[in-house]
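Okay, so here's the structure we're looking at.
To find a chain, count down the sequence lines: A is the first, B the second, and so on, and within it residues start at 1.
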Number of protein chains: 2
Amino acid sequence: MPTVSSEELAAAAGVNSAKLRKDFSYLGSYGTRGVGYDVEYLVYQISRELGLTQDWPVVIVGIGNLGAALANYGGFASRGFRVAALIDADPAMAGKPVAGMPVQHTDDLERIISDNGVSIGVIATPAGAAQQVCDRLVAAGVTSILNFAPTVLTVPDGVDVRKVDLSIELQILAFHEQRKAGEESAADAADGTATPAVAKDHRKGPDGDVPAVMPA
Amino acid sequence: MPTVSSEELAAAAGVNSAKLRKDFSYLGSYGTRGVGYDVEYLVYQISRELGLTQDWPVVIVGIGNLGAALANYGGFASRGFRVAALIDADPAMAGKPVAGMPVQHTDDLERIISDNGVSIGVIATPAGAAQQVCDRLVAAGVTSILNFAPTVLTVPDGVDVRKVDLSIELQILAFHEQRKAGEESAADAADGTATPAVAKDHRKGPDGDVPAVMPA
DNA sequence: ATGTCTTTGTGAACGCGTGCACAAAGATGG
DNA sequence: CCATCTTTGTGCACGCGTTCACAAAGACAT
Ligand SMILES: NC(=O)c1ccc[n+]([C@@H]2O[C@H](COP(=O)([O-])OP(=O)(O)OC[C@H]3O[C@@H](n4cnc5c(N)ncnc54)[C@H](O)[C@@H]3O)[C@@H](O)[C@H]2O)c1
Ligand SMILES: NC(=O)c1ccc[n+]([C@@H]2O[C@H](COP(=O)([O-])OP(=O)(O)OC[C@H]3O[C@@H](n4cnc5c(N)ncnc54)[C@H](O)[C@@H]3O)[C@@H](O)[C@H]2O)c1
């Protein structure tokens, strides 16, 4: 039986082994002391807990440059997501095939959501249309939204929204870039006072620190 | 002189006003007690600290579905990013105009980076090509990379990488979605304890192995 | 069986970010 | 010039996530 120890996994992932064990312990006691974790069983348990064993139908609304790219992207299917429908407001797009399936008109949005039991929606419309598209999705039964439009969406309790803001990703890089440039000559004079988060760490983690406020 | 109080800003941003003030204090004492912050001056200070006053040239490598969408996206320019060049390995694409500029061949990658003083690169190639593209970018002088390919990139110290993984965004939504579904019947008694989200109580249940977390 | 050796699972300590509460600063009016 | 009122800047405490450290569980050999 192929096994791995928390120590090996932690080293591979670059994290603390105690934390890894504690995290695993929240899923249950799936390890064997003195041996480690049964790889296959562990993978199954984590997959199940993360919802990867289920098949989630999603709709993409707004089939422009970005929406079409998403529709064509094969990486979703391999993670358990199935593109159930592509929806656009442009009558000229209706029926046109994108990624092997016909684009449908927003008039049918509610029916599409309902017929396919969709609970996850992706918004790739212009910012101006995002909120109203969001409202219709929510009214139709969608309870999770991935938003690419550069707008803050307002949703009722119980609905999750995740916003992908590519400009902010670049801004974060630019911020560190600027810091690198400054360090060369800044010599970091004396100081010594208790200063803050923004300073030192270049974290590798997915989310770095993201400020709360910023104008357009 | 138009001003805002930390209280107003905090309310607008949905955060705590004390935290907001403390964050601002790291930039310096730009507020006036009894009055608030001079809007224009504050915006300037934050913009400067974030590097938004600079103009950053970026290159996009891999002009496929996603790369083309990014090239066409107008949201970058408004945040101080200028697409300096589009690069692809496909000879058929060379010279072809995308977003109003000709696609250039990877053969010229090093020269393009150098000529334009580019320090930020975007990778939108297939996963298989990402690491070698990354290596060339870094060797040519790029020190910040935004990676869309589903691969972990290895880079030398001093180089920042941010990975955008859209599948993970969907997985996070699906995870919460799954949880919502389970709660309906899970007799979730208002918790209150300081346990991690996944926690609850999973100690080996009646049948020994399957944790009580998610009935599915 | 009993002992040894490995690795888990977790109580307790630690560190850090967040929020509270308030003194000080400065504006404004009398 | 003093009183009052508003809002900043920050010391301090609290809570949460991370890490340490170790007892106990189990495998494996004798
Ligand atoms: N392209 C990118 O790389 C990129 C990057 C970051 C953010 N974004 C954002 O993503 C969104 C889409 O970008 P894009 O480049 O694909 O734009 P786009 O103009 O190419 O596509 C927008 C599509 O939405 C459709 N649409 C408009 N109103 C609609 C409505 N009410 N209901 C349904 N469909 C509607 C349009 O017909 C069009 O097909 C924009 O908000 C943009 O700011 C794009
Ligand atoms: N399309 C999406 O919505 C999406 C979403 C998430 C992630 N991604 C990832 O983004 C990447 C691009 O996706 P896509 O849909 O645009 O793929 P695509 O196949 O449409 O485009 C890839 C482009 O990269 C070019 N290319 C290949 N090797 C290259 C090299 N060595 N140097 C320079 N260019 C090279 C190809 O010629 C092609 O134009 C993939 O890794 C994909 O997994 C895409």
request  = Any pair with a residue in residues 131-150 of chain A that passes salt bridge (charged side-chain N to carboxylate O under 4.0 Å, His left out), sequence neighbours left out, goes on the list, sorted by first then second residue, please.
outcome  =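 Output for this query lists A/E110-A/R136.
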Taking only side-chain nitrogens and oxygens of B/Y37, does any of them come within less than 4.0 Å of OP1 or OP2 of D/dG9?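 Indeed, a polar side-chain atom of B/Y37 lies that close.
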- Query: What's the CG-C1' distance between B/D23 and C/dC16, to the nearest Å?
  - Reply: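 Taking atom C1' of C/dC16 as the reference, CG of B/D23 is at 14 Å.
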Letter by letter from the 5' end, nucleotides 19-25 of chain C scores (B base, S sugar-phosphate only, - none; protein heavy atoms under 4.0 Å) BBB--BB
key: Residues A/D160, B/R179: salt bridge by 4.0 Å N-O rule   =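 No salt bridge links A/D160 with B/R179.
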(request) Before accepting this row, confirm whether a basic side-chain N of the pair B/E169/A/K163 lies closer than 4.0 Å to the acidic partner's carboxylate O. (result)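 No salt bridge links B/E169 with A/K163.
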Margin query: For a quick check under 3.5 Å, do A/R21 and A/S6 share a side-chain donor-acceptor pair by atom type?
Written below: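 Indeed, the side chains of A/R21 and A/S6 share at least one donor-acceptor pair under 3.5 Å.
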**Request:** Please step through side chain to side chain donor-acceptor pair (under 3.5 Å) for the pair A/Y41 and A/Q45, ending with a clear verdict.
**Result:** CA-CA 6 Å; A/Y41 189 54; A/Q45 288 297 342; 3.0 Å; yes
Notebook entry, point to check: If you look at every heavy atom in B/K180 and A/G158, which pair is closest and at what distance?
Noted result: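 Shortest heavy-atom separation between B/K180 and A/G158 comes out as NZ-O, 3.0 Å.
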message: Can you confirm whether A/T3 sits close enough to A/T32 that some side-chain heavy atom of one is under 4.5 Å from a side-chain heavy atom of the other?
response: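 SC-SC contact between A/T3 and A/T32 ruled out.
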Subject >> Those residues of residues 2-11 of chain A lying under 4.0 Å from DNA chain C by at least one heavy atom >> reply: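 When residues 2-11 of chain A is checked for heavy atoms under 4.0 Å from DNA chain C, the hits, listed by number, are A/S5, A/S6.
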Exercise for review: For B/G31 and for A/T32, locate the closest nucleotide of DNA chain D by heavy-atom distance; then report the residue assigned to the nucleotide nearer the 5' terminus.
Suggested key: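 On the 5' side of the pair lies B/G31.
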Q.
For a quick check of understanding: with a heavy-atom distance under 4.0 Å over all strands, which category does B/S29 fall into, base, sugar-phosphate or nothing?
A.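 Contact class for B/S29: sugar-phosphate only.
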* First locate atom CG of B/L20, then atom OG of B/S5, and finally report the distance between them rounded to the nearest 0.5 Å. =>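 Going from the CG atom of B/L20 to the OG atom of B/S5 covers 9.5 Å.
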